[in-house]
Amino acid sequence: MSLPSASQSQSRLKYVSLGVLVLQTTSLVLTMRYSRTLLGEGPRYLASSAVVSAELLKILTCLLLVFYDHSFSVRALNRVLNEEILNKPMETLKLAIPSGIYTLQNNLLYVALSNLDAATYQVTYQLKILTTALFSVSMLGKRLGLYQWLSLLILMTGIALVQWPTESLGGPSSTPRTAGSQLVGVIAVLIACFSSGFAGVYFEKILKETKQSVWVRNIQLGLFGLVFGLIGVFVYDGERVRESGVFQGYNSLTWTVVALQALGGLVIAAVIKYADNILKGFATSLSIILSTLISYFWLKDFDPTSVFFLGAMLVIAATFLYGYEGKRPAISHSKV
């Protein structure tokens with residue numbers, strides 16, 4: 001009786017984690033897009049400040065998870081933090097590189113969603129599958145199967161179609177987007193894809209070389225991310241911070257975006273633990289479809305074309321095909 005029960009529990013966790021991933025990914029993209037285009041009184045919140053807030057929330061969440069893993073013992077928590085972080089400075093410093101790249105990536109995603117509709121962003125951002133695969137081959141010596149190479153070709157074709165120039169860039173009720181702003185958004189996504197691929201594979205390599213828990217590693221990433229993020233706030237938005245404060249323009253929607261971004265990495269960790277690549281591809285595909293529908297019917301900032309739908313279908317097919325041969329996840333992102 002115990003074996004079927006354990007199997008059912010594992011299956012339940014698998015689909016719960018995937019469901020949460022779909023909701024988290026879709027909600028983050030749509031709320032971030034909405035928060036960056038919403039016209040309101042007063043100054044708009046600073047993207048650099050939101051990145052710092054997300055890092056701080058992620059650190060606190062991971063601390064609570066480590067605290068929970070050690071039966072809510074303050075002494076045990078203090079011991080773990082001292083042994084794994086303070087007493088291993090060289091191990092901790094290794095996380096500075098991916099953390100700096102992730103901080104840049106998170107800022108770029110705000111730039112992208114300020115200039116692209118949610119549907120175009122979601123599909124284009126799947127190019128991170130290609131960059132992660134290439135970095136996995138070059139840095140980890142992984143071998144890709146025939147289906148995976150074929151999926152990468154289909155993926156590039158699909159994204160090229162999605163970015164194909166069209167006459168109409170938006171309906172009458174949508175925020176007008178110039179070719180220049182669209183280009184800025186696409187460049188931001190492309191840089192984010194390369195940074196995501198490199199940082200994800202680098203982080204995977206570090207995880208394989210050590211036996212530290214994912215939560216401790218995320219605390220280390222968060223600490224560096226907090227430092228890099230604060231530097232970004234005062235270098236790029238220092239004058240605005242002095243005028244109106246770090247939390248200028250914050251409202252309930254802003255805090256929702258911050259919470260979704262902070263919890264994204266934890267959701268990915270759960271999916272990697274309980275699900276496989278094919279189901280993760282299904283979750284990604286469902287998220288793309290939901291983002292497209294909501295972007296069109298609710299945000300009204302997306303004017304779909306037959307070329308876009310063809311490209312989106314190719315990207316979804318490539319996502320499934322890439323996970324067809326691999327039983328183990330090839331992507332170990334700590335963030336979305």
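The figures here come from the full heavy-atom set of this structure, side chains too, leaving out hydrogens, waters and symmetry mates.
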Which pair of non-hydrogen atoms, one from [X] and one from [Y], has the smallest distance, and what is that distance?
{"X": "Val186", "Y": "Leu116", "value": "N-CD1, 3.8 Å"}
{"X": "Cys193", "Y": "Leu127", "value": "SG-CB, 3.8 Å"}
{"X": "Phe247", "Y": "Ser49", "value": "CD2-OG, 4.4 Å"}
{"X": "Leu113", "Y": "Arg33", "value": "O-NH1, 2.9 Å"}
{"X": "Ser295", "Y": "Ala119", "value": "OG-N, 4.1 Å"}
{"X": "Ala76", "Y": "His70", "value": "CB-CB, 3.7 Å"}

| task | Identify, with sequence neighbours excluded, every residue that meets ring pair (Phe, Tyr, Trp, His ring centres under 6.0 Å) alongside Trp149. | result |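 Not a single residue meets the ring pair (Phe, Tyr, Trp, His ring centres under 6.0 Å) criterion with Trp149.
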
Less than 4.5 Å apart, any side-chain heavy atom of [X] and any of [Y]?
{"X": "Ile187", "Y": "Val111", "answer": "no"}
{"X": "Leu221", "Y": "Pro98", "answer": "yes"}
{"X": "Ile101", "Y": "Tyr202", "answer": "no"}
{"X": "Leu95", "Y": "Tyr102", "answer": "no"}

| query | Mind checking whether Tyr125 and Tyr121 have parallel, tilted or perpendicular rings, split at 30° and 60°? | reply |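 Aromatic pair Tyr125/Tyr121 classed parallel.
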
| Residue pairs involving residues 220-239 (criterion ring pair (Phe, Tyr, Trp, His ring centres under 6.0 Å); sequence neighbours excluded) |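 As it turns out, there is no ring pair (Phe, Tyr, Trp, His ring centres under 6.0 Å) pair with a partner in residues 220-239 once direct neighbours are skipped.
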
| query | Is there a side-chain contact (heavy atoms from CB on, under 4.5 Å) between Ile316 and Ile289 once you walk through the steps? | reply | CA-CA 9 Å; Ile316 290 171; Ile289 293 168; 4.0 Å; yes

For [X], I'd like to know if atom [atom1] has over 12 heavy atoms of other residues, nucleotides or ligands within 6.0 Å.
{"X": "Glu243", "atom1": "CD", "answer": "yes"}
{"X": "Tyr34", "atom1": "OH", "answer": "no"}
{"X": "Phe194", "atom1": "CZ", "answer": "no"}

| Would Lys58 and Glu55 pass as an ion pair if we require N to O under 4.0 Å? |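 Yes, Lys58 and Glu55 are salt-bridged.
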
| Do NZ/NE/NH1/NH2 and the carboxylate oxygens of Glu91 and Lys94 come within less than 4.0 Å? |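 Yes.
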
| field | Candidate list Val51, Thr103, Val52, test side-chain contact (heavy atoms from CB on, under 4.5 Å), partner Leu226, passing option | value |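 Per the side-chain contact (heavy atoms from CB on, under 4.5 Å) rule, the option paired with Leu226 is Val52, out of Val51, Thr103, Val52.
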
| field | For Val162, the option from Thr157, Val123, Leu314, Leu310 that meets side-chain contact (heavy atoms from CB on, under 4.5 Å) | value |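 So the option named by the test is Val123.
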
Side chain of [X], backbone of [Y]: donor and acceptor closer than 3.5 Å?
{"X": "Asp237", "Y": "Arg240", "result": "no"}
{"X": "Arg44", "Y": "Gly249", "result": "no"}
{"X": "Ser99", "Y": "Ala96", "result": "no"}
{"X": "Thr132", "Y": "Ile129", "result": "no"}

| message | Side-chain heavy atoms nearer than 4.5 Å, only ILVMFWY residues, links allowed to pass through others: does that put Leu81 and Val74 together? | response |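 In one cluster with Leu81: Val74, yes.
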
| message | Tell me whether Phe67 shares a hydrophobic cluster with Leu86, the cluster being built from Ile, Leu, Val, Met, Phe, Trp, Tyr side chains joined at under 4.5 Å. | response |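 Shared cluster, no.
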
| task | May I have the step-by-step check of side-chain hydrogen bond (donor to acceptor under 3.5 Å, both in side chains) for Gln126 and Tyr322, ending in yes or no? | result | CA-CA 12 Å; Gln126 299 314 306; Tyr322 186 81; over 6 Å; no

| query | Will you find, in the side chains of Gln122 and Ser287, an N or O donor that is under 3.5 Å from an N or O acceptor? | reply |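 The answer is yes; a qualifying pair exists.
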
